[in-house]
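A, B, ... follow the sequence lines: proteins, then strands. Residue 1 opens every chain. Excluded from the calculations below are hydrogen atoms, water molecules and symmetry mates; all remaining heavy atoms, backbone and side chain alike, are included.
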There are 2 protein chains.
Amino acid sequence: MTDIDRCIAGRMRMLSRVVTGLYNETFAEEGVTLAQATLLMYMFVVPGVRQSVLSKQLMIEKSAMSRDLQLLQRNGWLTDSIRKGLFLTDEGQALAKRCHKRWKALNGAVREQLGTDAVDGLDLLTERILALR
Amino acid sequence: MTDIDRCIAGRMRMLSRVVTGLYNETFAEEGVTLAQATLLMYMFVVPGVRQSVLSKQLMIEKSAMSRDLQLLQRNGWLTDSIRKGLFLTDEGQALAKRCHKRWKALNGAVREQLGTDAVDGLDLLTERILALR
DNA sequence: TCTAAAAAGTTGTATATGCAACTTGGTGAC
DNA sequence: GTCACCAAGTTGCATATACAACTTTTTAGA
C-alpha cells in the first residue's frame, strides 16, 4: 500500500496548492488572491458575463461562484446587479488591469521555467481529464 | 487580455477541482473525502508518522494539517496522542483498508483512461513545478 | 544538565469550495 | 395570459486551505 503517492488526484491537488501559493505571493501586493484576480480578469474581458458561464468555464460549483462574487462585490469591485450579468466598477477595472500586468509577467516566467514539454504535458492532461467526465 | 485561460495556476486549480470531484464520488460511499482518505492511507502505511512529515510530503500548511487531523480524530479514526505521532484506531485501520481498495480501482482506471503519455506528462510537470520553489 | 533557539503543533481569522435545498426568473405549451 | 417547468442564483452547512501569532516540544551548546 505504498503506492498512494501515485494518486492522480492527490498529485493534482498538491501541485495546485504549490502553484496557488506562488501566484498568491504576487497578487498579495494588490490585496487579492489568485482566485479573485482570475475572476476580475475574466469579467474585464467579458463585461456582463453571467455567473453560470464563469461557473462552467472554470468548473466551479455555482454556489461557490456566487459567494466568490459576493466577496468581490463587498470589496467594491462589482456593480450591484450581479444577478443580471457581471460588471466591474471603475475601481474593479483598474485592479483587474494591475492584476493582469502582474499575472502576465509571472505566468510567462513560470511557463518558461517549466519548459515547453511540461506545458505541453499540461495541455494534454487537461484535454484527457476533461474527457473523463 | 484574452490569454487568461493560459494561466498555469488557473489550469491546475481547475483540474484539481475536477479530479477531486471524481474521487470524492467514490469515497463518499465510505463517508469520507479524498483529502481524508489520503491521510488515512498514509497513516496506515507509516504508523506513528508526524504531522510535520505529512505536511511536507503533501505540501499542506501545518495548521491546515493540524485541523484535518483533528477532524479525523473527532470521527474516532485516530488515537489520542496526535502530537507524538499519528496512529489509526482499529476502526481507522479498517476504513483505511476499504478506502485503499476503492482508491486502487479508481486510480488504476483513471491512469488507464488518461494514457501513459498524459501520466508521464503529469510526472514531468510535477518535477518541474516542485523545482520552481 | 540547563537554557536558548529551532521545530512542531494549535488557534484566530479569512478565503475557496461542494452538496442540498430553497428561491427567483424566464420560457414554452396551451 | 398563466401555469408548469427548467435554468440561474442564493443560503445553510460542512470541509480544505493559508497566514499570523501563539504555545509546546525538541534539540544543541555551553
Side-chain angles (χ1 to χ4, degrees), chain A residues 9-10 12-40 42 48-75 77-78 80-86 133, chain B residues 9-10 12-40 42 48-75 77-78 80-86 133:
Chain A
M12 293 297 317
R13 289 168 64 82
M14 184 184 74
L15 298 182
S16 166
R17 286 188 291 270
V18 172
V19 295
T20 296
L22 186 60
Y23 281 63
N24 275 344
E25 276 178 29
T26 285
F27 290 119
E29 300 178 57
E30 300 292 349
V32 295
T33 61
L34 162 61
Q36 293 165 15
T38 301
L39 293 177
L40 290 170
Y42 258 103
V49 65
R50 287 305 206 80
Q51 293 188 30
S52 57
V53 172
L54 285 182
S55 178
K56 278 160 198 152
Q57 204 95 63
L58 302 178
M59 304 287 268
I60 292 173
E61 215 274 334
K62 62 182 179 169
S63 66
M65 181 60 66
S66 175
R67 278 185 242 260
D68 291 350
L69 292 168
Q70 285 169 30
L71 176 61
L72 298 182
Q73 195 184 33
R74 278 202 300 283
N75 280 293
W77 299 320
L78 293 192
D80 284 343
S81 61
I82 71 176
R83 290 184 76 137
K84 301 281 187 172
L86 303 163
R133 306 254 76 195
Chain B
M12 293 298 315
R13 290 168 63 83
M14 185 185 73
L15 297 182
S16 167
R17 286 188 291 269
V18 172
V19 295
T20 297
L22 187 60
Y23 281 64
N24 275 344
E25 276 178 28
T26 285
F27 289 119
E29 301 179 55
E30 300 293 347
V32 296
T33 62
L34 162 62
Q36 293 164 15
T38 300
L39 293 177
L40 289 170
Y42 257 104
V49 65
R50 287 307 206 79
Q51 294 188 31
S52 57
V53 172
L54 285 183
S55 177
K56 279 162 198 151
Q57 204 95 63
L58 302 178
M59 305 287 267
I60 291 173
E61 215 273 335
K62 62 182 180 170
S63 66
M65 180 62 67
S66 176
R67 280 184 240 258
D68 290 350
L69 292 168
Q70 285 169 28
L71 176 62
L72 297 182
Q73 195 184 34
R74 279 202 301 282
N75 280 292
W77 300 320
L78 294 191
D80 285 343
S81 61
I82 72 176
R83 290 183 76 136
K84 299 283 186 170
L86 302 163
R133 306 254 75 192

Upstream residue (5' side of DNA chain C) when A/Arg83 and B/Arg13 are each assigned their closest nucleotide: B/Arg13
Side-chain heavy atoms of B/Leu58 within contact of A/Arg17, under 4.5 Å: yes
Within-4.5 Å side-chain heavy-atom neighbours: A/Thr20 and B/Met12: no
Distance, rounded to the nearest Å, where B/Ile82 contributes CD1 and D/dT25 contributes P: 13 Å
Heavy-atom check, side chain of A/Leu39 versus side chain of A/Leu69, under 4.5 Å: yes
Side chain proximity check, B/Leu54 to B/Val49, heavy atoms < 4.5 angstrom: yes
Value in whole Å for how far the P atom of D/dG9 lies from CG of A/Leu72: 15 Å
Whole angstrom value for the distance that separates C1' of C/dT11 from CD of B/Gln73: 15 Å
Nucleic acid contacts - residues 50-70 of chain B versus DNA chain C, non-hydrogen atoms under 4.0 Å: B/Arg50, B/Gln51, B/Ser52, B/Lys56, B/Lys62, B/Ser63, B/Ser66, B/Arg67, B/Gln70
Rounded interatomic separation in angstrom, taking CZ from B/Arg74 and C1' from C/dT10: 13 Å
Worked verdict on B/Leu86 versus B/Gln51 for side-chain contact (heavy atoms from CB on, under 4.5 Å): CA-CA 7 Å; B/Leu86 302 163; B/Gln51 294 188 31; 4.2 Å; yes
Side chain proximity check, B/Gln70 to B/Ser66, heavy atoms < 4.5 angstrom: yes
Selected nucleotide, minimal atom distance to A/Leu71 side chain, candidates C/dA16, D/dT17, C/dT10: C/dA16
Backbone of B/Leu34 reached by a side-chain donor or acceptor of B/Asn24 within 3.5 Å: yes
Beyond-backbone contact of B/Val32 with B/Trp77, side-chain heavy atoms, under 4.5 angstrom: yes
Positions of residues 24-38 of chain B (non-hydrogen atom under 4.0 Å from DNA chain C), listed by number: none
CA sep, side-chain torsions, deciding dist, call: B/Tyr42, B/Gln57, side-chain contact (heavy atoms from CB on, under 4.5 Å): CA-CA 10 Å; B/Tyr42 257 104; B/Gln57 204 95 63; 3.9 Å; yes
Distance, rounded to the nearest Å, where A/Lys84 contributes NZ and C/dG25 contributes C1': 7 Å
For atom OH of A/Tyr23 and atom C1' of C/dA16, their distance in whole Å: 18 Å
